[in-house]
Protein chains: 8
Amino acid sequence: MAFKYNRLDKNDVALLMVDHQSGLLSLVRDFSPDDFKNNVLALADIAKFFDIPTILTTSFEDGPNGPMVPELKEMFPDAPYFPRPGQINCWDNEDFVKAVKATGKKQLLIAGVVTDVCVAFPTLSALEEGYEVFVVTDASGTFNPVTRDAAWSRMEQAGAQLMNWFAVGGELHRDWRNDIEGFGGILAKHLPHYANLMQSFSAQKG
Amino acid sequence: MAFKYNRLDKNDVALLMVDHQSGLLSLVRDFSPDDFKNNVLALADIAKFFDIPTILTTSFEDGPNGPMVPELKEMFPDAPYFPRPGQINCWDNEDFVKAVKATGKKQLLIAGVVTDVCVAFPTLSALEEGYEVFVVTDASGTFNPVTRDAAWSRMEQAGAQLMNWFAVGGELHRDWRNDIEGFGGILAKHLPHYANLMQSFSAQKG
Amino acid sequence: MAFKYNRLDKNDVALLMVDHQSGLLSLVRDFSPDDFKNNVLALADIAKFFDIPTILTTSFEDGPNGPMVPELKEMFPDAPYFPRPGQINCWDNEDFVKAVKATGKKQLLIAGVVTDVCVAFPTLSALEEGYEVFVVTDASGTFNPVTRDAAWSRMEQAGAQLMNWFAVGGELHRDWRNDIEGFGGILAKHLPHYANLMQSFSAQKG
Amino acid sequence: MAFKYNRLDKNDVALLMVDHQSGLLSLVRDFSPDDFKNNVLALADIAKFFDIPTILTTSFEDGPNGPMVPELKEMFPDAPYFPRPGQINCWDNEDFVKAVKATGKKQLLIAGVVTDVCVAFPTLSALEEGYEVFVVTDASGTFNPVTRDAAWSRMEQAGAQLMNWFAVGGELHRDWRNDIEGFGGILAKHLPHYANLMQSFSAQKG
Amino acid sequence: MAFKYNRLDKNDVALLMVDHQSGLLSLVRDFSPDDFKNNVLALADIAKFFDIPTILTTSFEDGPNGPMVPELKEMFPDAPYFPRPGQINCWDNEDFVKAVKATGKKQLLIAGVVTDVCVAFPTLSALEEGYEVFVVTDASGTFNPVTRDAAWSRMEQAGAQLMNWFAVGGELHRDWRNDIEGFGGILAKHLPHYANLMQSFSAQKG
Amino acid sequence: MAFKYNRLDKNDVALLMVDHQSGLLSLVRDFSPDDFKNNVLALADIAKFFDIPTILTTSFEDGPNGPMVPELKEMFPDAPYFPRPGQINCWDNEDFVKAVKATGKKQLLIAGVVTDVCVAFPTLSALEEGYEVFVVTDASGTFNPVTRDAAWSRMEQAGAQLMNWFAVGGELHRDWRNDIEGFGGILAKHLPHYANLMQSFSAQKG
Amino acid sequence: MAFKYNRLDKNDVALLMVDHQSGLLSLVRDFSPDDFKNNVLALADIAKFFDIPTILTTSFEDGPNGPMVPELKEMFPDAPYFPRPGQINCWDNEDFVKAVKATGKKQLLIAGVVTDVCVAFPTLSALEEGYEVFVVTDASGTFNPVTRDAAWSRMEQAGAQLMNWFAVGGELHRDWRNDIEGFGGILAKHLPHYANLMQSFSAQKG
Amino acid sequence: MAFKYNRLDKNDVALLMVDHQSGLLSLVRDFSPDDFKNNVLALADIAKFFDIPTILTTSFEDGPNGPMVPELKEMFPDAPYFPRPGQINCWDNEDFVKAVKATGKKQLLIAGVVTDVCVAFPTLSALEEGYEVFVVTDASGTFNPVTRDAAWSRMEQAGAQLMNWFAVGGELHRDWRNDIEGFGGILAKHLPHYANLMQSFSAQKG
């Protein structure tokens, strides 16, 4: 009955970015706007750095929900991209699921807006299909902390694991020596106080 | 041992509205009065929209607990309505349970005041009888957040799922194309910032 | 050196509603969306109830800031309305100031989005011109509470008085007997727990 | 231009208890119900202890606002009591003001529900008439902390002093030796942790 | 695998009050002093009302921890009382456990100070021995909310149920008709806003 | 005795950036690291945009306080720069004060780390010398909110005005038409949700 | 009418430590126990470092209030020490005031427990006698933040300045070069993250 | 299926202190600096007191992360110490794991910085290898409470138990009589208000 620690494996994981759209983002109020933008872009940088297959999707992007944030589109110009015509749970979009399956990965990182719908629904669907699901908690946002807590509860209960982007990066990287500069660069960009440590260090080392 | 995702199914779900009474509502302090009123009415609008069998009940409504809020009565004029003569757990009221069973549904949405009693007790009773129970967290209120947390813990432990009204709506609707106008109307009415997005959109589309 | 209590006087006051626009509203995060919407509409209802001259203005409404919220437009169809071509401080718009002066009132109620700019700037300008200014604190919103605190400090320092919409209503009405039903109706509509008290009361009085 | 410290003087102060009514109390959400009840009764005990002339008033007590809380009525059976027929500012009630003036005191302690109306309005009126006004902050309650902050700001600006009940008690008593047992008894009753200190002390002294 | 709802049963439950001592209480900072005192006494009143066997214990009461709060001693003059000579987990005190077993009850309500030690340790011990344990969350206190959260997590994991005193009372009482006056009296005493509802009700019913 | 509104005037204002150093920044805990970094850089962008004379200073930058953050150095390569050898109040550094006076400006914007020392001390010094001082509240940080509140109080008392960076920008710009693109660019860069509005707008306008 | 910046002057200031007693400290709940202990000892270290005349006083130390904390007694063995027989305002104790006057200082630093009584009362008394009073905000504690806010308001209104211990230290020291090691040592001892900066620095400098 | 309570056993437990380094500590923002320093040193004192095998490790200590805090090094001069050359999860360092296994203990206490990486990763690894893992929650810190909550969730899900340092101490000590002075000394040093109780006690006992 022992616990089995299936670590995030950069060779066996895909990232799903769900509904980070300019309109929907105005609904996110469980993070400050600066924090949330930083978290989403940090996760994207991590996916790029580890060359993780990334799939983008949006809901009704021609309406009030607005287009996917341009930074994501620019960072993943060749990623499979599914503007859904109406399905609320992106897992109900057959093309999207096909693309997920085509990656051949067993582990899924899921982040999105809003947590209780756009993240929770595909998380439960993917768990049902046997995927290991890691919800990226701080790159997923919703109306307020109470709503987030309920959504987390439902996903935990179903077996999803909750991880912040920094933990995702660390578990994928495993050893600084794999690329000190590269990984350090991501931290410097997205953790202002880590950047400060680096700057003090280099000033003091001379 | 795989997780099975039994989604909310509009054809297999009933809604129980428990003790939303004018007196008891003054005890609710884990939501602002405006937020809570909005959440309760949003859930009611969702039930109407999807034509979900709804059952109303009150506790001691001739005493200090006060009458059920008039908006609910008006919205569900023909719903089974059980002013309980004394049972604290509405599941102890035989007529109420008969009405629940008469719906023939396997899934129950439960919301009420206060969360730790009027919601938690029937939730545990219904779980024991094999129902899938979805507690509507933000249409249920209680004395303070610490009390809410304990009540949530007890219900989760027993297998209840926690969902906010917006997630309930999304999981029932499944696809915007089933009725864009109708569903959008509910969001516009109960999510002020979504209404703003819609207004900007229509102004800008011209 | 004694303090002089110049009460809000329904015959000597005008209301300025500044930049309650669908886009700008998404920036407001020092109130929940439900609370803020309710506060703004409550203030509008009060202005209607007491027949207070009301002046509306917007900033760049053809751009991302979006149109004025439709409820305000509908409530004040004949009010002077100034979509400003560029001035950030609405007091820099001559037509607007002319309209204010044309009211002939000495007291100004000001509410707007965001507090630190669209409210603070005309407040300081109006104080300089000798108006008594009452900032309606809960119908004015901004990025976060820290920003609000700084904005309040600057306006207080200049002599503005801070009042919530309920206090504005009470100070204008002065005596319930002037119109019990009318004033009670506003409270019932915008203070859910006051509505509950009224409902319990009427149920119990029979 | 030096500051003059006019201390609370038990021989020159009157207490005004404004609208602590069973209905209105349900609106108070800037204190927990237990804390607020304790604070109000502590202030009442202090008034009794120092034999301070106390004047009670209510607003529309036959309607939804409800009757004055019974503890206050019982504690001050002979106090002047003014159920106002409609005036929102109790200072607009001539009988009330006459009673205040009849005390012959220069200092007024004012507490009430809600802070922004029932406390702020008579505070400003009394300041205008030259009284020194001390608002008892924790025996006065309102809708939420943001509303309280605005109300405090307006009263401070006009010259009112803000004091909690414990500070009121200490400033009136001046020296424990005036009545150690009596004053200690009030603290033991209304400061649970002070009661604990006293109990540990007496247990340990033996 | 269905959930079994073993409700609190007034004929099969005992209450353990652990280390509510005058010194230790000064460490409790996850509730306000007024709230915590009220919660502890409310739980005690419930135990008296339902005639639940109650066992009291203290840790080192002759030292800095101080004596048990006098209200509890007075309310349960004949209850088994175990001043422990040194055991931190009261379940390590054989006499205490014997007394628990002598009650013949299968369900245990446990409350104490501090939650992470004086409550968590006997909770885990009792669960191991097969008792159903209900931790009374708001009559148990500790250093801060973060400590409380960790302690709750450990107890939940082991199978304890978390309940606030009001839910305990409701689950034991089951039906208001068993004793309307008696149960209502407890609520009136320990829920100030419920008392307000009752007072408005009786005033309005006349 | 009327209030005089001396607006920020881009032709009569200088900016002092005090001790934004990599070591000292780790002490700032009244803003999230992302928010604070964004605020500081937004203020710097505003100074650049309006061509405001900017003076930089650091305290003991060869020690643990660390070097000035590199972004500021890069943005203001030609600005007067004063690494102070020991003076805690930068106004005690004669060269710094000379540089301030050399700007010939009457208004000073001051931001720094930590608020209670590096901002408050030069603020009080500059007020004494007759400058109008505007503290940029959200580009100044300190240990915690309680410390910030005390520091704000002291500066307000002395006559400083508190403004967030967005209000500074708006008061300097005065009219969008002075440079719509330029000013909008700063907002898009430093207000993520304003960027979202702009993106939705341009998508919807097509 | 210009502001005059009377800086704290180590040659013209005395420190009053009022009622930091083991019993009273259990009432302080606006700071965590660790933070408050650290703040009080930091202020004491500053007074020692600058050789500031320090006066200690206690209220009823033979009763439940308990003895002055031993660290203070040990640090100031020769300081005038006034265990007051009953006066609540230490300024009512003639010996205490004589000792204050005997220092010949014009500036007073005052810290104590609780803020609203033991700090506020002597602050107002000293202001009346023409002293410049600096309240050390974080070495003064009380029941909760709301009480603190009211007490701060009253003292500000009377002209007291609010300063945290770190600002006091910085304003007294003026220039690091006066004693780098000594001043740095105080920071290292009482600001853990400053100690971290120093440790990183010395490790990196080698 | 009964729960088995495997208590912390001082003869069967080892402590792992992971990455408490001067640089990394500046990232910890879910505790105040004073609280966190106190918690870490309290845990260290407990390990010393019970003679628990302790293993120290650091990540990249020659870089910006900085050296291990000197207090820990001084307290455990002979403890196995592993400055890791690059592994992020210390369990990936073979020497470290060998040292853990060499202790021959089944229970592991783990504390570190940051919780979501340096604590969570070895916790999951150790659980997989069959250790009972107790995360010391308040001697582990991270970026903010939301990150902490997600990390706690992941570790709980895997079977780790969450305990604060005080609960660890109590569960190890079991009975005060094993060493009253010694255990009391730790509490006095790290729980300021417990120290106050002890001081009042000894003063009052005489």
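Predicted model only: the values in this text are computed from it and were never measured. Each chain gets a letter, A, B and so on, in the order the sequences are listed, and its residues count up from 1.
Closest non-hydrogen pair, D:L162 versus G:S153, comes out as CD1-OG, 3.6 Å. Across all their heavy atoms, D:L197 and G:L24 have their closest contact at CD1-N, 4.3 Å. Shown here for D:A167 and G:F121, the closest heavy-atom pair between the two residues is O-CZ, 3.4 Å. Nearest heavy atoms, D:N164 versus G:D116: ND2-OD2, 2.7 Å. Nearest heavy-atom pair across D:W152 and G:A150 is CZ3-N, 3.7 Å. Across all non-hydrogen atoms, the minimal contact from G:P64 to D:M198 is CG-CG, 3.8 Å.
Proximity to chain D involves both the backbone and the side chain of G:L124, based on heavy atoms less than 4.5 angstrom apart. Looking at D:Y194, both its backbone and its side chain come within 4.5 Å of chain G, counting heavy atoms on both sides. Of the atoms belonging to G:D92, it is side-chain heavy atoms, and not backbone ones, that fall under 4.5 Å from chain D. With a 4.5 angstrom heavy-atom cutoff, D:T137 touches chain G only via side-chain atoms. The part of G:D62 that comes within reach of chain D is its backbone (N, CA, C, O), which places non-hydrogen atoms under 4.5 angstrom from that chain. Heavy atoms closer than 4.5 Å to chain D are found in the side chain of G:Q157, but not in its backbone.
At a threshold of 4.5 Å between non-hydrogen side-chain atoms, the residues G:Q87 and D:R177 count as touching.
Between D:H193 atom NE2 and G:R29 atom CZ the span is 3.5 Å, to the nearest 0.5 Å. Here CD of G:E129 is found 12.5 Å from OH of D:Y5. Values are rounded to the nearest 0.5 Å.
Counting heavy-atom pairs closer than 4.5 Å to chain D, the top-ranked of the candidates G:P85, G:C118, G:A120 is G:P85. Interface check for chain D: of the options G:N144, G:L127, G:L27, the most heavy-atom pairs under 4.5 Å are formed by G:L27. With chain D as partner, the option from G:G66, G:G130, G:A151, G:G63 having the largest number of non-hydrogen pairs under 4.5 angstrom is G:G63. Contact count versus chain G (heavy atoms, under 4.5 Å) is highest, among D:Q161, D:H173, D:Q199, for D:Q161.
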Checklist entry - Given the rule in the side chain to side chain contact (heavy atoms under 4.5 Å, CB included) test, do G:F143 and D:D138 qualify, once you have shown the distances and angles that lead to the verdict? => result CA-CA 11 Å; G:F143 305 103; D:D138 49 2; over 6 Å; no
Item to check | Trace of the side chain to side chain contact (heavy atoms under 4.5 Å, CB included) decision for D:F166 with G:T142 | outcome: CA-CA 11 Å; D:F166 180 72; G:T142 189; over 6 Å; no
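Within 6.0 Å of atom NZ in G:K106, 12 or fewer heavy atoms from other residues, nucleotides or ligands are found, so the atom counts as exposed in its surroundings. Atom NZ of G:K48 sits in a crowded spot, with more than 12 heavy atoms from other residues, nucleotides or ligands closer than 6.0 Å. Enclosure of atom NZ in G:K73 by more than 12 non-hydrogen atoms of other residues, nucleotides or ligands within 6.0 angstrom is indicated.
Exactly one residue among D:E171, D:R7, D:R174 makes a side chain to side chain contact (heavy atoms under 4.5 Å, CB included) with G:N89. That residue is D:R7.
Under a 4.0 Å N-O distance rule, the pair G:D149/D:R148 does not qualify as a salt bridge.
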